[in-house]
Number of protein chains: 2
Amino acid sequence: MTKIRDIAKRAGASIATVSRVVNGSGYVSAGMRARIEAAVRELDYRPNAGARAMRSGSSRMVGVLLPALDVHFFGILAHTVEQALFARGYQAMICSTAESPEHEAAYVGAMLAQQVDGVIMAAVASDGAGVGRLVAAGVPIVAVDRALPGLAAVAVDHHAGGRMLARHLLDLGHRAIGVVGAPDHSAPVQERLAGITAELAGAGLAPVAVRLGAEHGFEACRALADALLGEVLPTAIIGTTDMAAIGAIHAAAGRGLVVPRDLSVIGFDDLPAARYTIPQLTTVAQPVREIGQAAVERLLALMEGKPALPPPVLALRLVERGTTGRV
Amino acid sequence: MTKIRDIAKRAGASIATVSRVVNGSGYVSAGMRARIEAAVRELDYRPNAGARAMRSGSSRMVGVLLPALDVHFFGILAHTVEQALFARGYQAMICSTAESPEHEAAYVGAMLAQQVDGVIMAAVASDGAGVGRLVAAGVPIVAVDRALPGLAAVAVDHHAGGRMLARHLLDLGHRAIGVVGAPDHSAPVQERLAGITAELAGAGLAPVAVRLGAEHGFEACRALADALLGEVLPTAIIGTTDMAAIGAIHAAAGRGLVVPRDLSVIGFDDLPAARYTIPQLTTVAQPVREIGQAAVERLLALMEGKPALPPPVLALRLVERGTTGRV
DNA sequence: TTGTACGCGTTATCAG
DNA sequence: CTGATAACGCGTACAA
């Protein structure tokens, strides 16, 4: 590794002067600056991040704690957060807890050890302990996707989303509506379910059946929906995520039901996968990319001690495609 | 931030002794150890990673350079690599270049600055410069998904995969076969195409049409396949990725073609999305999770200077589902 | 305008 | 078994 001393030697300057040009601080003569910049280029010099963080107190790193990267929603979120951070000169430290409390604890520890300047965390199942340590250490935090008590949050109104889901079906004349969702420990899923129930209640109805599962993979969702259809036959099924809805479509097909003629299906998220089925999935879209960007903006404001930004307007949008129809 | 001195003071020991118990090195009396461990717990002490790396020369961090996290394949890959690294006591520094050379250069710089102990890189479009700097700095590297000249690689045999794609169709009696793929600058995609062409040539055939696009999103792939179908009418289409195949299924449906009766479609990867369509997609599966784990194993061996492990056996597997049939 | 010297938090060496 | 102390690479008062 080439270090600041090597550059100083090569450019015939002192390390202080090199530091000045590298950091653009203080006065340096044009000639000296040119010589130093040349040396930096030739030796591909990178100031050691650890030493720099130690000295300056800032690591220019932001921790990003997500439940999983292999769930497409979080992969997309991680991507946008990371790009937004990069554009602002920060480095993302992306961690995926695999929904395990031990992993979460370990990662929180790693973030503390890395002296991250801030943390963006999304939907970690078992919060509490981890968040507490971060807060205790005075690290600025922004919650994404799901709110965390006492913390700034950037999340869509999942309850309102649930209402939209139910409302759309109600408007189409459906009265017998089932709900399928996973993972059941996810707060957003629970909130959407509450929204659905509330909207239905407004029409004097209740879901004819609700099936929540722990696993959010395709096969688990399909099985869940299949079990529901084996018990009652609603005219419509709401998936609390696109994944659940896609599972429902398959369960319906497995039972010889034609979507949307025999059964309407609607999802939530509008992931790319919502367009993969035929007919394509009707769903309520949440603006993942805006969520990521807003979270970064908010965190940076917090880190810079700026006045708290007003909560972002995150619009939910009903995307009518082919899986819902009049009863 | 609580530091080693705070622990020393609280436990009535010297920082040297604290360091010993924290690192499990050297002799420490049971009583002293207990006092120190208690203090560590009470103050939630984390050794500063920067200082530690500076002193020890190892950051216990591994750089993971991917083209994008919002492409499900890479999201899954990132997840497995990260979990495998975590299990071995390493921290992943996940970077997604968004397929931009500037981002790649910046991230390589960041990795150098962080003193990563090794790097796992996948399918970055514009390699060369970045890799060169890493190699020059003596950083152990393992390539995943696509090989890199002169570097250890963990990747499936894409050419063989291409042959399997063509072979399956040939076995079903197809003779008029089209190919749709994206992104065109991806080496794996090119290799699969070469494999397809080779296998077809073995039967005295050539693809009736090949359409490669720059974008790998759903809509782009659908348009690509639609353009192909507007020109010729093959009895089967090969997608060089599942995404391309799903696009082809939709293009076919848009033209009133029934899959697989009028048109067989096959993909590559076996992402979760391969099961979302109805009928479900026939595809050649590559073992993403094994790839990630093998890459980590190899990198650690390299880092520890162990003898090079033999190249991993990464089996491709034809998964026959519903989108292919006899002509 | 440039250089010297100190301290950031750790680990490892060497005495005691 | 324990404690001083010298690096590690960098940024920055302060002196020149």
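Worth knowing before you read on, the calculation uses all heavy atoms, side chains too, and leaves out hydrogens, waters and symmetry mates. Because the structure is predicted, anything quoted here is derived from the model rather than measured. Residue numbers start from 1 in every chain, and the chains themselves are labelled A, B, ... in the order their sequence lines are given, proteins ahead of strands.
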**Prompt:** Can we say B:Glu191 and B:Arg146 salt-bridge, meaning some charged N sits less than 4.0 Å from an Asp/Glu carboxylate O?
**Reply:** no
**Message:** Nearest to the A:Ser29 side chain among C:dT1, C:dC8, D:dT12, which nucleotide is it?
**Reply:** C:dT1
**Item:** Value in whole Å for how far the P atom of D:dA13 lies from CZ of A:Arg20
**Value:** 11 Å
**Request:** Could you please name the option among C:dT10, C:dG9, D:dA4 that lies closest to any side-chain atom of B:Pro47?
**Result:** C:dT10
**Request:** Scan side-chain atoms only and decide if A:Glu99 and A:His185 contain a donor-acceptor pair under the 3.5 Å cut-off.
**Result:** yes
**Message:** Nearest to the B:Ser14 side chain among C:dG9, D:dA4, D:dC10, which nucleotide is it?
**Reply:** D:dA4
**Item:** Which nucleotide in D:dG9, D:dG11, C:dT4 has an atom nearest any side-chain atom of A:Ala51
**Value:** D:dG9
**Complete:** Heavy-atom nearest nucleotide on DNA chain D taken for A:Lys3 and for A:Thr17; more 5' hit belongs to A:Lys3
**Request:** Could you tell me whether B:Ala53 contacts a base, only the sugar-phosphate backbone, or nothing, with contacts defined as non-hydrogen atoms closer than 4.0 Å?
**Result:** nothing
**Message:** Whole angstroms only, please: what is the CZ-C1' distance between B:Arg5 and C:dT10?
**Reply:** 9 Å
**Message:** Does D:dC10 have its OP1 or OP2 closer than 4.0 Å to a side-chain nitrogen or oxygen of A:Ser56?
**Reply:** no
**Fill in**
A:Arg35 atom CZ is separated from C:dT1 atom P, nearest whole Å, by 15 Å
**Request:** Using distance alone, with no hydrogens and no angle criterion, decide if A:Ser100 and A:Thr97 have a side-chain donor and acceptor under 3.5 Å apart.
**Result:** no
**Request:** Would you indicate, yes or no, if C:dG3 has its OP1 or OP2 atom less than 4.0 angstrom from a side-chain nitrogen or oxygen of A:Tyr27?
**Result:** no
**Prompt:** Between B:Ile36 (CD1) and D:dC1 (P), how many Å, whole number?
**Reply:** 13 Å
**Request:** Rounded off to whole Å, could you give me the CG-to-P distance for the A:Asn23 and D:dG9 pair?
**Result:** 17 Å
**Request:** May I ask you to verify whether the side chain of B:Arg46 and the base of C:dG9 hold a donor-acceptor pair under 3.5 Å?
**Result:** no
**Prompt:** Expressed in angstrom and rounded to an integer, what is the separation of B:Gln115 atom CD from D:dC10 atom C1'?
**Reply:** 12 Å
**Request:** Mark yes or no for a side-chain to base donor-acceptor pair under 3.5 Å between B:Arg55 and D:dA7, with no hydrogen or angle criteria applied.
**Result:** yes
**Residue-phosphate contact under 4.0 Å: A:Arg52 side-chain N/O, D:dC10 OP1/OP2** = no
**Message:** So B:Met1, base contact, sugar-phosphate only, or nothing? Heavy-atom distance under 4.0 Å.
**Reply:** nothing
**Request:** Give a yes-or-no answer on whether the side chains of B:Gln83 and A:His103 include a donor-acceptor pair shorter than 3.5 Å.
**Result:** yes
**Message:** For the residue pair A:Asn23 / A:Arg52, report whether a side-chain donor-acceptor contact shorter than 3.5 Å exists.
**Reply:** yes
**Prompt:** In whole angstroms, how far is the P atom of C:dT10 from the CZ atom of B:Arg60?
**Reply:** 17 Å
**Asked** What is the nucleic acid contact for B:Val22, judged by heavy atoms within less than 4.0 Å: base, sugar-phosphate only, or nothing?
**Response** nothing
**Prompt:** For B:Ile15 and B:Gly26, take the nucleotide of DNA chain D holding the closest heavy atom to each; which residue's nucleotide lies nearer the 5' end?
**Reply:** B:Gly26
**Asked** Taking CD1 from A:Ile4 and C1' from D:dT12, how many angstroms apart are they, rounded to a whole number?
**Response** 11 Å
**Request:** Heavy atoms only: give me the nearest B:Gln286-B:Phe73 pair and the separation to one decimal.
**Result:** NE2-CE1, 3.4 Å
